[in-house]
Amino acid sequence: MNPFMAIAIAEAEASGNRGEIPVGAVVVKEGIVLARTGNMVCAWNDPTAHAEIVAIRMATKFQESPRLDECDLWVTLEPCSMCAMAMKLSRIRRLYFGAYNIKNGGVDHGSRVFDRDTCYHPEVIGGLEERYTAELLVSFFRERR
């Protein structure tokens, strides 16, 4: 397993243990982790506090720049449209994600934010550790229903 995906998975597991939907994200630049976090929606009472958004905010603050054009984002679930737009605006270079999000995805499903040729979009590699990252989510929701 890639070490950055392992970190994202650890963040997702920690997120689930806090009662958040178990999604983890890591921003990496030249092999160095700039930010790592899980969902913070419930903890912050903020519907925009998805793991990807929080990680992007942390990384841009760390770099003191709104651009992450030399950075990669590793996340355990296909990002939604909001998160995909944040990646676009921050100029994330490459997106790696785990489970596909058929219901609410914004990259390979749903609005397919990056399919527009008229604006910047990252390289996308999906389906990494898909079985495990999908099971994290299935188990989380199974316990709550």
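Note on Met58 and Val33: separate hydrophobic clusters, where clusters join Ile, Leu, Val, Met, Phe, Trp and Tyr whose side-chain heavy atoms are under 4.5 Å apart, directly or indirectly. A single hydrophobic cluster is seen to contain both Ile56 and Ile21, as judged by linkage of ILVMFWY side chains at heavy-atom distances under 4.5 Å, directly or through other members. Under the 4.5 Å side-chain contact rule for hydrophobic residues, Ile125 and Ile9 share a cluster. Tracing side-chain contacts under 4.5 Å through hydrophobic residues (I, L, V, M, F, W, Y), one reaches Leu128 starting from Leu136; they form part of the same cluster. Note on Met40: it does not cluster hydrophobically with Ile7, by side-chain heavy-atom contacts below 4.5 Å among ILVMFWY residues.
Taken to the nearest 0.5 Å, the CD1 atom of Ile92 stands 5.0 Å off from the CG atom of Leu73. Atoms CE and CD, on Met1 and Glu129 in that order, are 4.0 Å from each other to the nearest 0.5 Å. Note that the SG atom of Cys80 and the CE atom of Met85 stand 11.5 Å from one another [nearest 0.5 Å].
Closest non-hydrogen pair, Ala55 versus Ala35, comes out as O-CB, 3.4 Å. The two residues Cys83 and Ile53 make their nearest non-hydrogen contact at SG-CG1, 3.7 Å. Residues Gly98 and Met5 share a closest heavy-atom pair of N-CE, 3.8 Å. Contact between Ala10 and Arg36 at its shortest, heavy atoms only, is CB-NH2, 4.4 Å. Closest of all the heavy-atom pairs between Thr48 and Arg57 is OG1-NH2, 3.4 Å. When all heavy atoms of Cys71 and Lys29 are compared, the pair lying nearest together is SG-CB, 3.7 Å.
Taking the six-membered ring where the residue is Trp, Phe4 and Trp74 present tilted rings, their angle falling between 30° and 60°.
The pair Arg94-Asp72 counts as a salt bridge, with a side-chain nitrogen and a carboxylate oxygen less than 4.0 angstrom apart.
Counting only heavy atoms from C-beta outward, the side chains of Leu95 and Glu123 never approach each other to under 4.5 Å. The shortest distance between side-chain heavy atoms of Met87 and Pro79 falls below 4.5 Å. Under the 4.5 Å side-chain criterion, counting only non-hydrogen atoms from C-beta, Thr60 is not in contact with Ser65.
A distance-only check finds no donor-acceptor pair linking the side chain of Glu13 to the backbone of Pro22 [under 3.5 Å].
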Asn2 vs Tyr96, side chain to side chain contact (heavy atoms under 4.5 Å, CB included): CA-CA, chis, key distance, verdict: CA-CA 11 Å; Asn2 179 282; Tyr96 298 91; over 6 Å; no

Worked check of side chain to side chain contact (heavy atoms under 4.5 Å, CB included) between Val124 and Phe97: CA-CA 8 Å; Val124 177; Phe97 71 84; 3.7 Å; yes

Report the C-alpha separation of Arg93 and Leu68 in whole Å, then their side-chain angles, then the decisive distance to 0.1 Å, and conclude whether the side chain to side chain contact (heavy atoms under 4.5 Å, CB included) test is met. CA-CA 7 Å; Arg93 175 179 64 174; Leu68 299 172; over 6 Å; no

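The side-chain contact (heavy atoms from CB on, under 4.5 Å) with Val23 is formed by just one residue from the set Glu52, Glu78, Glu11; it is Glu52. Put simply, the residue from Thr37, Val41, Thr76, Asn39 that forms a side-chain contact (heavy atoms from CB on, under 4.5 Å) with Ser15 is Asn39.
For the residue pair Ser139/Glu135, the side-chain donor-acceptor check at 3.5 Å is satisfied.
Cation-pi geometry between Arg142 and Phe140 is not met: the NZ or CZ atom fails to fall both under 6.0 Å from the ring centre and inside 45° of the normal.
Counting non-hydrogen atoms of other residues, nucleotides and ligands closer than 6.0 Å to CZ of Phe62 gives a total of 12 or fewer. For Arg131, the CZ atom sits in a loose shell: 12 or fewer heavy atoms of surrounding residues, nucleotides or ligands are nearer than 6.0 Å.
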